[in-house]
Amino acid sequence: MSHLLPQSFYARDALTVAEELLGQHIHAGDVVLRITEVEAYRHPGDSASHCRMGRTPRNAPMWGPPGHAYVYLCYGIHNLLNFVTDREGEGAAVLIRSCEPVRGLPTVLARRRGPNAPVLLTGPGKVTTALAVDLTFTGRPLFVPGPLEVHEGEAPSRIARGPRVGVGYAELEHQRAPWRLAIADCPWVSQRATLVPDGERAARQLSRAARAGGRSARPARG
DNA sequence: ACAAGGATCCTCT
DNA sequence: GAGGATCCTTGTT
């Protein structure tokens, strides 16, 4: 028996919700996926967010009450799944980027085209394909019984952070913000090279300084 | 009404 | 590592 996350879970800052979404389970029909990688799109003033231009018909769910899905079409091809956070009237959400299969693997494989193996669920377009989530899911609540639910899963032992992917159009500050979060040392994560596990940033700076012969280490990035 | 470009994925070199 | 697929949203004329 698993437990639906309440709407209050989502009624917080997107970065906090993103962190706590890692390890939780998405239920859609017979498929259950464990969330392994997310990105926070924050309110206010996040120039990488779809809400950067204010309220529009497409991003309306992001401004609505928390705990609802926001699904949009990316590059004319992929449906990307977000969970709305913060309060009604604030445009913020968490993008679900990667998952680990928990149940319904045959269904997931049947929905998939292309190679399987480690890239099966690493990337936001693949997650929606596996869940059969499309644009009709936008605005739907996640905290009541229905076709798309989020349940309590297993919290990760360690988290890694890095810059968000594909936001080159944003201001530098928001390109670099470490608002992509993933379960550390988890194979079900995309673009792992740019992620740093919590607690290792200081260690990396030290070793970099050592390699540079103790001379001027460059200032930390981000 | 028009043009531009995108929170990606896959294939091929 | 580069490019094409593919179409909707958005801002501009």
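It should be emphasised that the depicted structure is a prediction, and the values quoted were computed from it without experimental measurement. By convention in this document, chain letters (A, B, ...) are assigned in the order of the sequence lines, proteins followed by strands, and residues within each chain are numbered from 1.
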Next item on the list: Please report, rounded to the nearest Å, how far the P atom of dA7(B) is from the CG atom of Leu15(A).
Entry: 19 Å
Notebook entry, point to check: Can you list the residues that meet the ring-ring contact (aromatic ring centres under 6.0 Å, His included) rule with His78(A), with sequence neighbours excluded?
Noted result: none
Check: Under a single-linkage rule joining Ile, Leu, Val, Met, Phe, Trp and Tyr whose side-chain heavy atoms are separated by less than 4.5 Å, which residues share a cluster with Val102(A)?
Finding: Val32(A)
Check: Arg164(A) CZ to dG6(B) P: how many Å, rounded?
Finding: 15 Å
Next item on the list: For DNA chain B, find the residues of residues 38-49 of chain A with a heavy-atom distance under 4.0 Å and give them by number; none if there aren't any.
Entry: Tyr41(A), Ala48(A)
Item checked: By salt bridge (charged side-chain N to carboxylate O under 4.0 Å, His left out) - contacts of Glu173(A) (at least two apart) -> none
Check: With sequence neighbours excluded, what pairs up with Asp134(A) under the side-chain hydrogen bond (donor to acceptor under 3.5 Å, both in side chains) test?
Finding: Thr136(A)
Item checked: Which residues share a side-chain contact (heavy atoms from CB on, under 4.5 Å) with Ala48(A), sequence neighbours left out -> Tyr41(A), Asp46(A), Arg164(A), Val167(A), Tyr169(A), Ala170(A)
Check: Considering residues at least two apart in sequence or located in another chain, which fulfil the salt bridge (charged side-chain N to carboxylate O under 4.0 Å, His left out) criterion with Asp185(A)?
Finding: none
Item checked: For atom CG of Leu81(A) and atom C1' of dC9(B), their distance in whole Å -> 17 Å
Next item on the list: Only counting residues at least two apart or in another chain, list the ones meeting side-chain hydrogen bond (donor to acceptor under 3.5 Å, both in side chains) with Gln24(A).
Entry: none
Notebook entry, point to check: When the distance from CG of Asn79(A) to C1' of dG6(B) is rounded to whole Å, what number comes out?
Noted result: 14 Å
Item checked: Length of the CG-P vector between Leu121(A) and dC10(B), whole Å -> 11 Å
Margin query: Using a 3.5 Å limit for the pairing distances, which stems of at least 3 consecutive Watson-Crick or G-U wobble pairs does DNA chain B take part in?
Written below: B:1-6 with C:7-12, B:8-12 with C:1-5
Solution key, residues 82-92 of chain A side-chain donor-acceptor pairs under 3.5 Å, sequence neighbours excluded:
from	atom 1	to	atom 2	distance (Å)
Asn82(A)	ND2	Tyr70(A)	O	3.1
Asp86(A)	OD1	Ala14(A)	N	3.2

Notebook entry, point to check: Tell me, for nucleotides 6-13 of chain C in 5' to 3' order, what letter each nucleotide earns: B for a base near a protein heavy atom under 4.0 Å, S for only sugar-phosphate near one, - for neither?
Noted result: BBSSSS--
Item checked: Hydrophobic cluster (4.5 angstrom, side-chain heavy atoms) - remaining members for Phe143(A) -> Val144(A)
